[in-house]
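Excluded from the calculations below are hydrogen atoms, water molecules and symmetry mates; all remaining heavy atoms, backbone and side chain alike, are included. Indexing begins at 1, ligand by ligand and atom by atom, following the structure's order. In this chain, numbering begins with 1 at the start of the sequence shown.
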Amino acid sequence: MKRTLGVCYYPEHWPEAQWQEDAARMAALGLTWVRIGEFAWSRMEPTPGTYDWAWLDRAIETLGAAGLKVVLGTPTATPPRWMIDRHPDMLALDKDGKPRGFGSRRHYCFSHLGYRAECAKIVTAMAERYGKNPHVAAWQTDNEYACHATTLSYSKAATDGFRNWLAQKYQSPDALNRAWGNVFWSMEYADFNDIGLPNLTVTEPNPSHVMDFRRFASDEVVSFNRLQTEIIRRHSPAPIAHNYMGAVTEFDHFGTGADLDIASWDSYPLGFLSDRIPAPADHKLRFVRQGDPDFQAFHHDLYRAVGRGRWWIMEQQPGPVNWAPYNPDPLPGMARLWAWEAFAHGAEAVCYFRWRQAPFAQEQMHAGLLRPDSAPAQAFGEAMQVAGELAQMPDVGTASADVALIFDYASDWAWEIQPQGRSFSYFWLVFHIYKGLRRLGLNVDILPPDTGDLSAYKLVLAPGLFTLSDPLKAALAAHQGTAILGPRTNSKTANFSIPVPLPPNLAGLDAKVIRVESLPPDVPVPLAQGGALVHWREKLEGTADVTEVAEDGWPALVSAGRMNYLAGWPDDQALQRILHRACLAEGIESDPLPEGLRRRDTATHRFMFNYNSVPAEWGGVTIPPAGVHWTAL
Ligand code: GAL
């Protein structure tokens with residue numbers, strides 16, 4: 001497969017006279033893809049039912065004539081102002097019941113049927129017009145579902161949809177009352193129409209109620225997306241993608257992924273480090289111009305799973321962004337490193353966001369490949385270098401991994417609903433384990449929670465899964481390698497209660513969690529062999545072998561054969577020891593890498609990425625700051 005580069009472009013932002021030159025420069029730069037259209041609804045349908053396609057026809061023709069392939073985005077993330085007059089109740093309501101108003105983007109409620117009908121209309125019109133256009137080589141649905149916390153809406157439309165969803169799921173209010181345990185605090189319902197959304201309660205709502213609301217809201221995103229894919233497929237043979245956003249887990253991406261051909265994600269490494277990664281200050285300082293060394297790779301591996309092997313970067317940070325608390329300039333070389341790292345993890349394409357910095361509106365401080373005056377910005381030359389390197393390089397393929405890590409969106413909702421301690425987060429627990437694996441230089445495959453076959457993997461990790469699916473249980477029972485589960489794995493029923501027998505309830509492993517405690521940041525539980533459990537620890541009873549023990553005598557890791565259960569959140573030191581031991585047992589090559597240096601093997605090459613701002617030594621080579629080094633395997 002040929003790996004390719006692209007860029008995000010907004011023809012509607014620029015005078016038409018400029019399009020041709022822009023297109024020629026994109027092609028000369030070595031770009032293959034140009035993504036357009038995803039925010040242009042007010043130009044496509046300036047007044048209700050009146051379409052203006054002429055400008056978009058010409059834009060697509062101009063870009064296509066220059067040899068570029070178009071990714072055409074549906075504009076449903078930005079309904080125009082007239083839409084609000086037609087459907088005043090289409091705006092999502094926040095937790096306090098306040099509308100999330102017009103004037104930016106993503107101002108819609110996924111459950112509003114009138115808005116869905118408007119989306120179906122515009123997507124149909126686009127698909128009919130461009131479905132067979134030879135330049136339209138891929139589609140994108142909407143833009144970053146859930147970004148700006150837009151999955152949950154506490155509107156009338158969501159209430160109606162939720163009641164309907166509950167009635168289908170439980171069939172009778174009695175069944176729902178039993179499943180949720182509504183006898184507690186006299187919360188029993190006599191009618192589905194009495195059930196509200198879990199906001200505006202005096203104190204915390206029932207976690208079972210919230211969990212079902214989260215599942216419902218996720219299903220709404222999946223069906224909203226499916227509405228679009230079904231229409232596009234009727235008219236176009238081109239593959240369909242969606243662009244997901246980093247560390248956004250409000251809906252089940254595996255669910256939307258099943259209806260798409262390609263998963264893609266939007267990678268803003270410096271924005272993420274500044275804005276959403278809960279790392280200590282010295283880590284943020286060390287990687288301030290490079291980004292966290294594992295955050296991108298984690299998402300690459302996640303979206304390779306969501307896309308069932310096919311995935312892209314739809315938006316790649318090119319320079320300073322505008323939206324994080326601090327927006328530093330990337331170290332020269334990072335726009336190249338980030339692209340190569342994506343390719344090494346199997347990306348088919350990497351598209352930079354955006355072509356030219358817009359001098360107006362919300363993102364005027366956001367860099368592009370070009371400055372506002374059209375001169376090349378820093379990333380332009382780096383993109384050119386990557387394009388040249390790609391042209392020289394044989395395809396690197398995608399390597400198989402020895403290690404699998406299970407990721408489950410629903411577990412993230414579950415532990416957000418019931419963290420039990422301020423610092424317990426499923427997402428950051430899984431990321432912490434991933435980081436530990438990467439520090440040992442390992443290739444990792446991320447797998448969905450209903451995985452039914454683990455036979456390709458020597459080592460499987462499943463931290464924090466709130467329930468174990470039946471296929472995963474069967475796969476674990478049949479697995480011939482090492483498995484490490486916990487903490488909190490299998491500790492709830494699907495209805496969100498504590499199961500009896502007590503968790504983790506793993507076949508063959510005699511261990512029961514009899515008590516849990518969450519820990520403030522400065523209260524570690526030291527382990528006898530060094531390191532500690534932090535944030536979370538569990539007390540176990542049973543006869544399983546004790547592999548790690550806390551200084552207070554309670555087991556920290558128990559085992560039966562190659563099945564292990566981890567009774568807490570291990571700190572870096574303990575995690576490294578546990579993972580290293582598992583790798584040794586399974587004959588997996590693992591050597592701790594120097595800080596900031598990361599490795600990824602492909603089918604044909606070993607890549608090293610230096611995320612440091614200083615040179616790194618590895619295997620007799622000096623890799624410069626922001627450097628990428630590859631050798632044939
Ligand atoms: C993404 C979004 C783009 C642009 C970009 C800026 O989240 O999809 O439209 O806003 O961020 O970094």
Those residues at least two apart in sequence (or on a different chain) that pass side chain to side chain contact (heavy atoms under 4.5 Å, CB included) with Pro325 are Ser274, Asp275
Contact set, ligand 1, heavy-atom distance under 4.0 Å, ordered by chain/number, equals Phe39, Arg105, Asn143, Glu144, Met245, Asp266, Tyr268, Glu315, Trp323, Phe353, Glu363, His366
Q: Would you please classify the geometry between the Tyr115 ring and the Trp41 ring as parallel, tilted or perpendicular, with 30° and 60° separating the classes?
A: tilted
**Study point:** Min side-chain heavy-atom separation Trp265-His300 under 4.5 Å
**Key:** yes
Can you tell me how the ring of Phe272 sits relative to the ring of Tyr268, calling it parallel under 30°, perpendicular over 60° and tilted otherwise?
perpendicular
With sequence neighbours left out, the residues meeting side chain to side chain donor-acceptor pair (under 3.5 Å) with Lys435 are Asp292, Asp294
Sorted by chain and number, sequence neighbours left out, side chain to side chain contact (heavy atoms under 4.5 Å, CB included) with Glu363 holds for Arg105, Asn322, Phe353, His366
